[in-house]
Amino acid sequence: MNRFEDVKVLLTGAGSGIGRATALRLVSEGAAVYAVDLSGEGLADTAAAASGPGRIATRVADVADESAVVETVRAAAAALGGIDVLVNVAGIHRTTPVARLTVADMERLFAVNVVGTALFCRETLPHLPDHRGVIVNVASSAAAHGNPYMTAYAASKGAVLGFSLSLAAEVAYRGVRVVPVSPGSVNTPLAGPHVLPPDLDASYYARIRSPFGAADPEQIAGVIAFAASRDAGYLTGAEIRADGGSHI
Ligand SMILES: NC(=O)c1ccc[n+]([C@@H]2O[C@H](COP(=O)([O-])OP(=O)(O)OC[C@H]3O[C@@H](n4cnc5c(N)ncnc54)[C@H](O)[C@@H]3O)[C@@H](O)[C@H]2O)c1
């Protein structure tokens with residue numbers, strides 16, 4: 001498939017996991033991808049793995065830093081010759097019992113997951129072409145379904161979901177689409193070490209597991225690519241929940 005031939009994509013979080021898999025998928029389908037991440041090493045690995053009719057350029061930036069985002073979007077539009085698609089994947093996670101939540105943790109979660117996503121949308125929207133532009137924002141199934149020890153993370157992803165649905169309504173008159181994609185559990189380095197009560201029975205987590213097991217990042221990249229493609233041309237303001245049936 002070459003669904004992204006001549007399509008210019010700005011993608012955050014491309015240095016690992018779902019963002020890397022999405023970059024590789026889009027390049028393989030012909031896209032010109034401008035890949036952003038906090039990790040230069042991660043971006044270099046992504047660029048080295050990319051192959052296909054498309055191409056990839058990279059830039060290190062912190063999505064939570066307003067001036068860095070302004071400069072990154074300007075540079076992306078100049079390098080690509082415009083922007084057709086924005087994909088916000090960059091995100092962080094904390095697994096913490098509510099009793100141990102800190103203001104610093106909550107502020108960083110919201111700065112990266114919510115403010116970072118919002119800033120990229122704000123800065124990219126003027127570049128997106130009417131009747132063709134697309135934004136895909138990665139939220140999480142945690143936005144709508146309870147997950148123990150993920151209160152602040154879930155709140156930040158709920159904010160990403162709500163932001164995306166209202167933005168879809170705000171820009172629909174231009175024919176610009178906004179699609180939130182909410183994965184369930186995905187095999188990536190995201191979650192990191194858990195800080196859980198010592199007496200916690202790990203089986204407590206079983207209820208949020210998919211009968212299909214955790215997804216590979218490539219499976220979520222496929223969903224993001226669909227949402228960004230013209231195959232999804234009538235899809236906007238509607239969440240795609242890709243959680244392997246965790247909540248059926
Ligand atoms: N892995 C899961 O189970 C899962 C489930 C639902 C949603 N998600 C969401 O998917 C997205 C990608 O997660 P992943 O699982 O691929 O994790 P990951 O840790 O493999 O990748 C996240 C990437 O974002 C980058 N990043 C983090 N903070 C950044 C910042 N301030 N500026 C720029 N880049 C930054 C990291 O360097 C990393 O390359 C996140 O938004 C996450 O919340 C993941």
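What you see below is based on every heavy atom in this structure, not just the backbone, and it leaves out hydrogens, waters and symmetry mates.
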Is any side-chain heavy atom of Val171 closer than 4.5 Å to one of Leu128? no
Would you name the heavy atoms of Ser39 and Val60 that are closest together and state the gap between them? C-CG2, 4.5 Å
I'd like to know whether CD of Glu71 has more than 12 heavy-atom contacts from other residues, nucleotides or ligands below 6.0 angstrom. yes
Enter the distance from Ile135:CD1 to Leu86:CG here, rounded to the nearest 0.5 Å. 5.5 Å
Quick check: are there more than 12 heavy atoms from other residues, nucleotides or ligands sitting under 6.0 Å from CZ of Arg174? yes
Nearest 0.5 Å please: distance from the OG atom of Ser164 over to the CG atom of Asn137. 3.5 Å
Please check: side-chain N/O of Arg177 versus main-chain N/O of Thr236, any donor-acceptor pairing under 3.5 Å? no
Stepwise side chain to side chain contact (heavy atoms under 4.5 Å, CB included) check, Arg74 with Glu123: CA-CA 8 Å; Arg74 193 205 57 73; Glu123 291 304 308; over 6 Å; no
Rounded to the nearest 0.5 Å, the CG atom of Asp84 sits from the CZ atom of Arg132 at a distance of 4.5 Å
Student check: side-chain heavy atoms of Ser246 and His145 closer than 4.5 Å: no
Keeping Asn113 on the side-chain end and Ile92 on the backbone end, is there a donor-acceptor pair under 3.5 Å? yes
Assign the ring pair Tyr153 / His93 to parallel, tilted or perpendicular, where the plane angle (0 to 90°) is split at 30° and 60°. tilted
Separation between CZ of Arg3 and CZ of Arg230, rounded to the nearest 0.5 Å: 12.0 Å
For atom CZ of Arg122, is the number of surrounding heavy atoms from other residues, nucleotides or ligands below 6.0 Å larger than 12? yes
Same hydrophobic cluster for Phe120 and Val33, using side-chain heavy-atom links shorter than 4.5 Å among ILVMFWY? no
